[in-house]
Amino acid sequence: MGFADQRFNVNLSILFTELPLLERPAAAAAAGFTAVELWWPWVDSPTPEQSQLDALKRALEDAGVQLTGLNFYAGQLPGPDRGALSIPGEESARFRANIDVAADFAHSLGATALNALYGNRVAGVDPAEQDALALENLVLAARAADRIGAVLLIEALNKPESPLYPLVSAPAAVDVVDKVNAASGLGNTRFLMDLYHLSMNGEELPSVIERFAAKTGHVQIADNPGRGAPGTGTLQLEDLLDQLRKAGYDGWVGLEYKPGDRPSAEAFDWLPRAAR
């Protein structure tokens, strides 16, 4: 086994960002990839103009790349925000306004995974109040995902880079997965296992895979330290992905790493072109 046995897609919100959004799908295709994923591209608008949605759809279709996953609106990302769904007031309302927009856009391109970032803790707000709001909004998101035949993803981030984010371990994220599935009755909420974030939290990655592979709906990778391409850090990513596959995970592996001081097109030398 090895990298050649995996299915990789490129996250166009962290790679090829030296290009305008509408040029990134073609750049990924030129680099040999057939599938991509995205954070919500319009950070200032959960409900962009239809012309903006149409333009991105055209860019993806013209490039011949499959959109496999999309984030719901998550505030300023990259930036200070880590999601909107647990933030009382305007941000929660913006998340709700985005749910059907994001789901319909994903559906129009055949994407089957929608990622909902939980949101930071807010000073002066009871965490229990935020968690109750989060569960309410995640059930709405799970229903929208179910409507289009998709899974809803819950992601753990890492505490050093996201100190106000409450889901900073695999068990914490999986606990939310279980709560949403119980509350929605749909069973379509899954864990997004980002090996970089879990490594930054000091978690024992083989143990995480053993415990939670069966509840995992998507995997993302970057090496650590540095959040660079495989081989730039110390993580045994090839072995970890082999373990995941042996544990039954056969989905996409999202490349969510920084290209470093080079064009993104040059950041894939670790992966033979035939394996892209």
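The structure displayed is predicted, hence computed values, not measured ones. Sequential numbering from 1 along the given sequence is applied to the chain's residues.
Electrostatic pairing of Asp175 and Lys179 counts as a salt bridge here, judged by a charged N lying under 4.0 Å from a carboxylate O. Under 4.0 Å is where a charged nitrogen must lie from a carboxylate oxygen, and between Glu91 and Arg94 at least one such pair does. In this structure, Lys258 does not pair ionically with Asp223, as no charged nitrogen and carboxylate oxygen lie closer than 4.0 Å. Between Arg7 and Asp250 no salt bridge is recorded (no basic side-chain N to carboxylate O distance below 4.0 Å).
Looking at Thr68, its side chain does come within 3.5 Å of a backbone N or O of Val36 through a donor-acceptor pair. Counting only distance, with no hydrogens or angles, the side chain of Thr112 and the backbone of Ala150 share no donor-acceptor pair below 3.5 Å. Panel note: side chain Asn224, backbone Tyr196; no donor-acceptor pair is recorded below 3.5 Å. Looking only at distances, a side-chain donor or acceptor of Trp40 sits under 3.5 Å from a matching main-chain atom of Ser45. Without hydrogens or angle criteria, Asn11 side chain to Glu256 main chain gives no donor-acceptor distance under 3.5 Å. With Glu155 contributing its side chain and Phe191 its backbone, the two residues share no donor-acceptor pair below 3.5 Å. Tyr257 contributes a side-chain N or O that, together with a main-chain N or O of Ala267, makes up a donor-acceptor pair within less than 3.5 Å. Checked by atom type and distance alone, the side chain of Glu238 pairs as donor or acceptor with a backbone atom of Phe3 at under 3.5 Å. Looking at Asp81, its side chain does come within 3.5 Å of a backbone N or O of Gln76 through a donor-acceptor pair. Counting only distance, with no hydrogens or angles, the side chain of Gln66 and the backbone of Leu109 share a donor-acceptor pair below 3.5 Å.
In the hydrophobic cluster analysis, where Ile, Leu, Val, Met, Phe, Trp and Tyr join through side-chain heavy atoms closer than 4.5 angstrom, Phe33 is grouped together with Trp270. Cluster membership for Leu21 and Leu15, using ILVMFWY side-chain heavy atoms within less than 4.5 angstrom, is shared. In this structure, Trp252 is not a member of the same hydrophobic cluster as Leu195, with clusters built from ILVMFWY side-chain heavy atoms closer than 4.5 Å. Under a hydrophobic clustering in which Ile, Leu, Val, Met, Phe, Trp and Tyr are joined whenever their side-chain heavy atoms come within less than 4.5 Å, directly or via other members, Leu12 and Phe8 fall into the same cluster. Hydrophobic clustering keeps Val139 apart from Leu186 (ILVMFWY residues linked when any side-chain heavy atoms are closer than 4.5 Å, directly or through intermediates).
Residues Val176 and Asp131 are not in side-chain contact: their nearest non-hydrogen atoms beyond the backbone lie 4.5 Å or more apart. Residues Tyr249 and His218 meet the side-chain proximity criterion, which asks for heavy atoms closer than 4.5 Å. Looking only at side-chain heavy atoms (C-beta outward), His197 and Arg227 come within less than 4.5 Å of each other. Considering only heavy atoms from C-beta on, Val253 comes within 4.5 Å of Leu241 through its side chain. The side-chain heavy atoms of Arg190 and Leu152, taken from C-beta on, include no pair separated by under 4.5 Å. Taking 4.5 Å as the limit, every side-chain heavy atom of Ile209 sits out of range of all side-chain heavy atoms of Glu204. The side-chain heavy atoms of Val219 and Leu244, taken from C-beta on, include a pair separated by under 4.5 Å. A heavy-atom distance below 4.5 Å is not found between the side chains of Trp39 and Asn115.
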Criterion side chain to side chain contact (heavy atoms under 4.5 Å, CB included) on Ser92 and Ile87, from CA distance to verdict: CA-CA 5 Å; Ser92 172; Ile87 313 297; 5.7 Å; no
Derivation of the side chain to side chain contact (heavy atoms under 4.5 Å, CB included) call for Leu271 and Arg276: CA-CA 7 Å; Leu271 183 64; Arg276 300 178 193 178; 3.5 Å; yes
Derivation of the side-chain hydrogen bond (donor to acceptor under 3.5 Å, both in side chains) call for Glu210 and Gln243: CA-CA 8 Å; Glu210 183 179 352; Gln243 183 188 351; 5.4 Å; no
Asn98/Phe105 under side chain to side chain contact (heavy atoms under 4.5 Å, CB included): CA gap, chis, key distance, verdict: CA-CA 10 Å; Asn98 174 251; Phe105 183 72; over 6 Å; no
Trace of the side chain to side chain contact (heavy atoms under 4.5 Å, CB included) decision for Asp178 with Thr189: CA-CA 8 Å; Asp178 292 341; Thr189 301; over 6 Å; no
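Residue-environment remark: CD (Glu61) exceeds the threshold of 12 foreign heavy atoms within 6.0 Å. Glu49 CD: 12 or fewer foreign heavy atoms inside a 6.0 Å radius.
Summarising the geometry of Ala213 relative to Ala247, their closest heavy-atom pair is CB-CB, 3.7 Å, with the distance given to 0.1 Å. The shortest heavy-atom contact between Ala141 and Ile99 is N-CD1, 4.1 Å. Nearest heavy atom pair, residue Asn158 against residue Glu161, reads ND2-OE1, 2.7 Å. Minimum interatomic distance between Leu205 and Ser199 (heavy atoms only, all atoms of both residues): CD2-N, 3.9 Å. Ala116 and Phe72 get closest at one heavy-atom pair: CB-CD1, 3.8 Å. Across all their heavy atoms, Ala59 and Pro25 have their closest contact at O-CB, 3.7 Å.
Going from atom CG of Asp104 over to atom NE2 of His107 covers 8.0 Å, rounded to the nearest 0.5 Å. Atom OH of Tyr165 and atom CG of Leu167 lie 4.5 Å apart (nearest 0.5 Å). From Phe95, atom CZ reaches atom CG of Leu140 across 8.0 Å, with rounding to the nearest 0.5 Å. One distance of note links CE of Met193 with CG of Leu198; it measures 7.0 Å at 0.5 Å rounding. If you take OG on Ser86 and CG on Asn120, they are separated by 7.5 Å, rounding to the nearest 0.5 Å. To the nearest 0.5 Å, atoms CG (Leu60) and CZ (Arg24) are separated by 11.5 Å.
Side-chain atoms of Ser264 and Glu18 form a donor-acceptor pair, as typed in the model, at a separation below 3.5 Å.
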